[in-house]
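Below is one structure, written out as structure tokens; comments come after it.
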Amino acid sequence: MLIAVTFVSSSVHLYSISYMSEDPHSPRFMCYSSISTFFMLMSVTGDNSIQLFPGWEGVGLASYLLINFRFTRLQADKAAIKAMLVNRVGDFGLALGILGRFTLFQTVDSSTIFARASAFSEPHNSFIFCNVRFHAITVICISLSIGAVGKSAQIGLHTRLPDAMEGPTPVSALIHAATTATAGVSMIARCSPPFEYPPTALSTIAFAGAMTSSSAATTGILQNDLKRVIAYSTRSQLGYMIFACGIPNYSVSVFHLMNHAFSKALPSSSAGSVIHAMSDEQDMRKMGGLASSLPLTYAMMLIGSPSPIGFPFLTGFYSKDVISELAYTKYTISGNFAFWLGSVPVFSTSHYSFRSLFLTFLAPTNPFGRDILRCHDAPIPMAIPLIALAFGSLSVGYLAKV
């Protein structure tokens, strides 16, 4: 996680220097980006609930600030408020989980909780609410999973992620690949030992992840905004990570998370390069024929877009299919449900990934003449982070597969 967060965040920061160079408020943007990375690192490295929670809240705050960067736009205000409200629901679940852990285990230290989890997994360890007994570990794990659902944009609390597109393009790369969206998956993986005891919690996570993956990929087919296609692709891949945790196989989930960090930051940044070149035009139907004008960006998209499909020898190839295989071999209701519903996004992802490539770069030229005249490939300060992310998208899956 530290490798993924630091490398991708550094690349996005370097990319942002050039991308935001003409914006008079670029210092404020760089400050918000650094805040997001700091709190994500705080959340990842925290070995107890007290350190985890401020990092978790800080990532949500940074998400609000970045989405609302252009605060004079009404849509940016609406999207930021929606992101904050959805995050509040997830944060309430996480707070309940942390309080439940402290009530049951009398400690906030993660290693102590993990060591004592088996001793407290018996049915007589319960919470009483409205004269009804609830199994304590099950309540705690479901509360923590609600936090993950809110932060990682799973079904029910998923609306904020596509709206994050209202921020500048580097925001998409940072939120989707390195910080906010991945925080929920990493939290479940970090807190995994108690999740092994309540089967209800694992089934809930598997169902939520599979439904998110399927619904997001199906919605992505119908999008014409280049950044929104990438947003729905992110939601779909986050669904895969969550249902990998519900199978449960946390190591494969984190492996896919790391692969996704590189393979999603690359197309997000490449899309920013296209939008930058096309005078902020985001509708793919108004693009086309850009392969000759933007050869470097086209090459980067050609590496980044097929990766979520599981295209051979790209990063997604080494982790995405493994998740489906593990779900199929579980021979449980939740495993079979996750496998069959998780097979739907395979076709949908292929469709919208190649559709976005075709409409943007290969279709007949359709933009305005003034946009064609101003069209330019990524300058050197933007190209260097793109090339670094491309190397990550090509090699990280192979190097980390052992």
Side-chain angles (χ1 to χ4, degrees), residues 1-13 16 25-71 76-77 79-99 101-102 108-110 143-154 157 160-161 163-164 166-168 170-191 234 238 241 254 257-258 261 264-265:
M1 277 302 297
L2 288 176
I3 293 171
V5 173
T6 51
F7 186 90
V8 172
S9 294
S10 300
S11 300
V12 172
H13 278 73
S16 302
H25 303 290
S26 58
R28 179 162 58 89
F29 178 82
M30 300 304 291
C31 175
Y32 291 166
S33 302
S34 301
I35 288 171
S36 180
T37 306
F38 168 77
F39 280 119
M40 184 62 188
L41 289 172
M42 184 178 181
S43 174
V44 167
T45 55
D47 66 344
N48 59 72
S49 304
I50 301 301
Q51 190 174 345
L52 166 70
F53 194 68
W56 183 274
E57 290 291 317
V59 167
L61 170 65
S63 175
Y64 170 83
L65 293 172
L66 285 167
I67 294 169
N68 201 29
F69 175 72
R70 296 186 173 124
F71 54 83
D77 287 341
I81 291 168
K82 185 188 290 187
M84 180 60 77
L85 291 175
V86 170
N87 267 320
R88 289 303 92 202
V89 178
D91 294 346
F92 179 69
L94 180 71
L96 285 179
I98 290 172
L99 290 172
R101 285 169 70 175
F102 181 74
V108 293
D109 184 63
S110 296
S143 297
L144 292 175
S145 65
I146 291 171
V149 163
K151 196 67 77 178
S152 292
Q154 299 303 289
L157 297 174
R160 69 170 185 81
L161 200 59
D163 290 337
E166 292 300 327
V171 172
S172 310
L174 195 64
I175 289 177
H176 291 181
T179 57
T180 310
T182 57
V185 180
S186 64
M187 186 270 292
I188 290 181
R190 284 286 305 275
C191 302
T234 301
L238 288 168
M241 296 173 212
V254 173
L257 189 157
M258 186 172 74
K264 191 56 64 182

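Numbers for residues simply follow the sequence, beginning at 1.
Here the closest non-hydrogen pair linking A265 and V8 is CB-CG1, 3.7 Å. Nearest heavy-atom pair across G150 and V86 is O-CG1, 4.2 Å. Shown here for P54 and M42, the closest heavy-atom pair between the two residues is CB-CE, 3.7 Å. Taking every heavy atom of both residues into account, I98 and F53 meet most closely at CD1-CD1, 3.8 Å. Nearest heavy-atom pair across Y32 and A62 is O-CB, 4.3 Å. Scanning both residues, G93 and I146, for their nearest heavy atoms gives CA-CG2, 4.1 Å.
R101 contributes no side-chain N or O that, together with a main-chain N or O of S110, makes up a donor-acceptor pair within less than 3.5 Å. Here the side chain of S63 pairs no donor or acceptor atom with the backbone of V59 at under 3.5 angstrom.
Interatomic distance, F69 CZ to S26 OG, rounded to the nearest 0.5 Å: 7.0 Å. Atom CG in L61 sits 7.0 Å away from atom CD1 in I35 (nearest 0.5 Å). Note: M187 CE to W56 CH2 = 4.0 Å, rounded to the nearest 0.5 Å. Atoms OG and CE, from S186 and M241 in turn, are 10.5 Å apart once rounded to the nearest 0.5 Å. Once rounded to the nearest 0.5 Å, the distance linking CZ of R190 with CG of D47 reads 7.5 Å. Note that CZ of F29 is 4.0 Å distant from OG of S16, once rounded to the nearest 0.5 Å.
Using a 4.5 Å cut-off on side-chain heavy atoms (C-beta onward), N68 and M84 make no contact. The side-chain heavy atoms of K151 and N87, taken from C-beta on, include a pair separated by under 4.5 Å. By the 4.5 Å heavy-atom criterion applied to side chains, V185 and V254 are not counted as neighbours. Residues L65 and R28 fail the side-chain proximity criterion, which asks for heavy atoms closer than 4.5 Å. Residues S33 and V12 fail the side-chain proximity criterion, which asks for heavy atoms closer than 4.5 Å. Between I188 and L144 there is no side-chain heavy-atom pair separated by less than 4.5 Å.
Legend: residues meeting side chain to side chain donor-acceptor pair (under 3.5 Å) with Q51, ordered by chain and number and at least two apart, are absent.
The environment of CG in L99 is crowded: more than 12 heavy-atom neighbours from other residues, nucleotides or ligands sit within 6.0 Å.
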